[in-house]
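Written below as structure tokens is the structure these notes are about.
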Amino acid sequence: MQQKRNIQIIEWEDLDKRKFYSFGVFMTMSIRATVYPATLIRTRLQVQRGKSLYSGTFDAFFKILRAEGVRGLYRGFMVNTFTLISGQAYITTYELVRKYVSQYSEDNTVKSLVAGGSASLVAQSITVPIDVVSQQLMMQGQGQHLTRFRLSSSSETGKPKKMIGQTRNIIAQIFAADGFRGFYRGYVASLLTYIPNSAVWWPFYHFYAEQLSKLAPSDCPHLVLQAMAGPLAAATASTVTNPMDVVRARVQVEGRTSVIETFRQLIKEEGFWGLTKGLSARIISSTPTAIVMVVGYETLKKLSLRPELVDSRHW
């Protein structure tokens, strides 16, 4: 257990791995279900030209709700749940790389930076094909005119079969148009978005938690400070990486091949303000995500602490 900071950090070797993975799946699923509507809204805002469809985050929310109902806010959600695999891969990679780096450096910022970037690299290799399919499903309904692929009428019959039919329909169209490579469209853009995002988030999370611990009363629970530090880190990371996130969404949804060309066209058509598209939706989604993730993740680690260490830790 690292004790250089006021906020104690539970390391990989302190955990009961069976408990860690069991609780982790439930936690990840809960988080994704909570923030998915904001993710869908962010994608539609980033792909639209100017304000052709929605004027902002809340306008998009109410228009989708009126036109498509609650189900419209969860288009592609079942496909997106497969990212549970990448979520577990992310956590494992982060903790293992952090442990490995600690052999060479005890600096928490260095460990968080390297481990966060490495975890994102592994996770995105699993996530991108799932994202490509789920984003195409997100764009159906009001946003279908913005994407290359549209659902055929045959995929709309029967409720239980509807989701499976729509997913198969989109997968078949992607493969027919682009082959297997189509499922990794935007992979480079995703790496350029999420590796920096993850690499920035973890150091800032520990930094904000440390600074808050210096300002808060000594009897303030660490979990409260961590719950405050999470959204601050998420807002910082989202602001830094949003331009590339806009490019990533357009590459994947519109079927573009060049990250640089997509970036240039975005600047040409919408100016530098175009790089902020979806930022408010991203921060809105990342704030509860960060709170739930931090509280859930830190609680998960405490619940997964090896029995012989429980009584020796003060929170």
Side-chain angles (χ1 to χ4, degrees), residues 35-68 72-73 75-76 80 120 124 127-128 131-150 170 174 177-178 182 184-198 200-201 234-287 289:
V35 304
Y36 190 81
T39 302
L40 181 142
I41 290 169
R42 182 191 79 200
T43 300
R44 290 195 182 185
L45 287 173
Q46 290 177 334
V47 173
Q48 73 173 354
R49 288 289 184 272
K51 296 183 178 180
S52 59
L53 194 56
Y54 310 113
S55 62
T57 300
F58 292 105
D59 180 56
F61 175 79
F62 290 115
K63 280 184 177 176
I64 294 170
L65 204 58
R66 284 196 300 268
E68 304 174 51
L73 294 169
R75 287 183 180 274
N80 191 262
S120 190
Q124 285 306 304
T127 300
V128 168
D131 272 351
V132 168
V133 176
S134 66
Q135 284 178 340
Q136 294 296 339
L137 290 168
M138 285 179 191
M139 297 307 297
Q140 302 306 311
Q142 288 181 323
Q144 67 178 350
H145 65 286
L146 299 172
T147 178
R148 293 188 300 158
F149 307 115
R150 298 186 184 185
I170 289 295
I174 294 172
D178 303 321
Y184 274 90
R185 186 176 294 280
Y187 179 63
V188 172
S190 291
L191 294 182
L192 292 176
T193 301
Y194 291 111
I195 288 180
N197 187 82
S198 184
V200 168
W201 192 93
T236 302
S238 295
T239 302
V240 170
T241 61
N242 195 74
M244 186 52 66
D245 194 42
V246 176
V247 173
R248 175 197 61 81
R250 293 202 169 189
V251 167
Q252 291 181 331
V253 173
E254 296 178 354
R256 297 176 177 274
T257 57
S258 172
V259 171
I260 296 175
E261 185 56 37
T262 303
F263 180 83
R264 286 176 177 170
Q265 185 172 352
L266 178 64
I267 296 296
K268 181 180 178 180
E269 292 180 351
E270 303 185 49
F272 284 99
W273 283 109
L275 300 175
T276 67
K277 293 170 76 74
L279 178 58
S280 59
R282 196 172 177 206
I283 291 176
I284 288 170
S285 67
S286 68
T287 296
T289 301

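Heavy atoms only: backbone and side chains are in, while hydrogens, waters and symmetry mates are out. Keep in mind that what you see is a predicted model, and the values were worked out from it rather than measured. We count residues from 1, following the sequence as given.
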Distance from Asn242 atom CG to Ile283 atom CD1, nearest 0.5 Å? 8.0 Å
What pairs with Ser55 under side-chain hydrogen bond (donor to acceptor under 3.5 Å, both in side chains), at least two apart in sequence or on another chain? Asp59
Before you tell me yes or no, could you show the steps for Thr193 and Asp245 under side-chain contact (heavy atoms from CB on, under 4.5 Å), namely the whole-Å CA-CA distance, both residues' side-chain angles and the distance that decides it to 0.1 Å? CA-CA 6 Å; Thr193 301; Asp245 194 42; 3.7 Å; yes
Decide yes or no for Lys63 and Arg44: does some side-chain heavy atom of the first lie under 4.5 Å from some side-chain heavy atom of the second? no
So, does Thr241 use its side chain to make a donor-acceptor pair with the main chain of Ala237 at under 3.5 Å? yes
Carefully, step by step, assess Thr262 and Val246 under the rule side-chain contact (heavy atoms from CB on, under 4.5 Å). CA-CA 10 Å; Thr262 303; Val246 176; over 6 Å; no
Under the criterion side-chain contact (heavy atoms from CB on, under 4.5 Å), I'd like the reasoning laid out for Phe263 against Arg250: C-alpha separation, chi angles, the key distance, then a yes or no. CA-CA 9 Å; Phe263 180 83; Arg250 293 202 169 189; over 6 Å; no
Straight-line distance of Leu266 CG to Trp273 CH2, nearest 0.5 Å: 13.5 Å
Name all residues meeting the salt bridge (charged side-chain N to carboxylate O under 4.0 Å, His left out) criterion together with Glu261; count only those two or more places apart in sequence or in a different chain, and write none if there are none. none
Flag the pair Ile195 / Gln124 as yes when at least one side-chain heavy-atom distance between them is below 4.5 Å, and no otherwise. no
With sequence neighbours left out, the residues meeting side-chain hydrogen bond (donor to acceptor under 3.5 Å, both in side chains) with Thr39 are none
Look at the side chain of Thr287 and the backbone N and O of Ile284, then say whether any donor-acceptor pair between them is shorter than 3.5 Å. no
With sequence neighbours excluded, residues passing side-chain hydrogen bond (donor to acceptor under 3.5 Å, both in side chains) with Gln252: Gln135, Ser190, Arg248
Once you round to the nearest 0.5 Å, how far does CD1 of Ile41 lie from CD1 of Ile64? 5.0 Å
Sequence-distant partners of Leu192, side chain to side chain contact (heavy atoms under 4.5 Å, CB included), two or more places apart: Val188, Met244
From CG (Leu279) to OG1 (Thr239), nearest 0.5 Å: 5.0 Å
Under the rule for side-chain hydrogen bond (donor to acceptor under 3.5 Å, both in side chains), what residues qualify as partners of Arg185, not counting sequence neighbours? Asp178
Is a donor on one side and an acceptor on the other found under 3.5 Å between the side chain of Ser134 and the backbone of Asp131? yes
Please identify each residue that fulfils side chain to side chain contact (heavy atoms under 4.5 Å, CB included) with Gln265, with sequence neighbours left out. Arg49, Arg256, Glu269
Name all pairs fulfilling the salt bridge (charged side-chain N to carboxylate O under 4.0 Å, His left out) condition that reach into residues 134-147, sequence neighbours left out, sorted by first residue then second. none
Going by the rule side chain to side chain contact (heavy atoms under 4.5 Å, CB included), which residues pair with Leu53 if we only count those two or more places apart in sequence or in a different chain? Gln48, Gln142, His145, Leu146
Can you name the nearest heavy-atom pair linking Thr43 to Met138, along with the distance? OG1-SD, 3.6 Å
For Tyr187, give me all partners under ring pair (Phe, Tyr, Trp, His ring centres under 6.0 Å), at least two apart in sequence or on another chain. Tyr184
Can you name the closest pair of heavy atoms from Pro196 and Leu191 and give their distance? CD-O, 3.3 Å
Taken in chain and number order and not counting sequence neighbours, the residues that satisfy side chain to side chain contact (heavy atoms under 4.5 Å, CB included) with Ala249 are Gln46, Val47
Distance, nearest 0.5 Å, that separates CE of Met139 from CD1 of Ile170: 11.5 Å
Which heavy-atom pair separates Ser238 from Asn197 by the least distance, and what is that distance? N-OD1, 3.9 Å
Thr57 OG1 to Arg42 CZ distance, which is reported to the nearest 0.5 Å: 11.0 Å
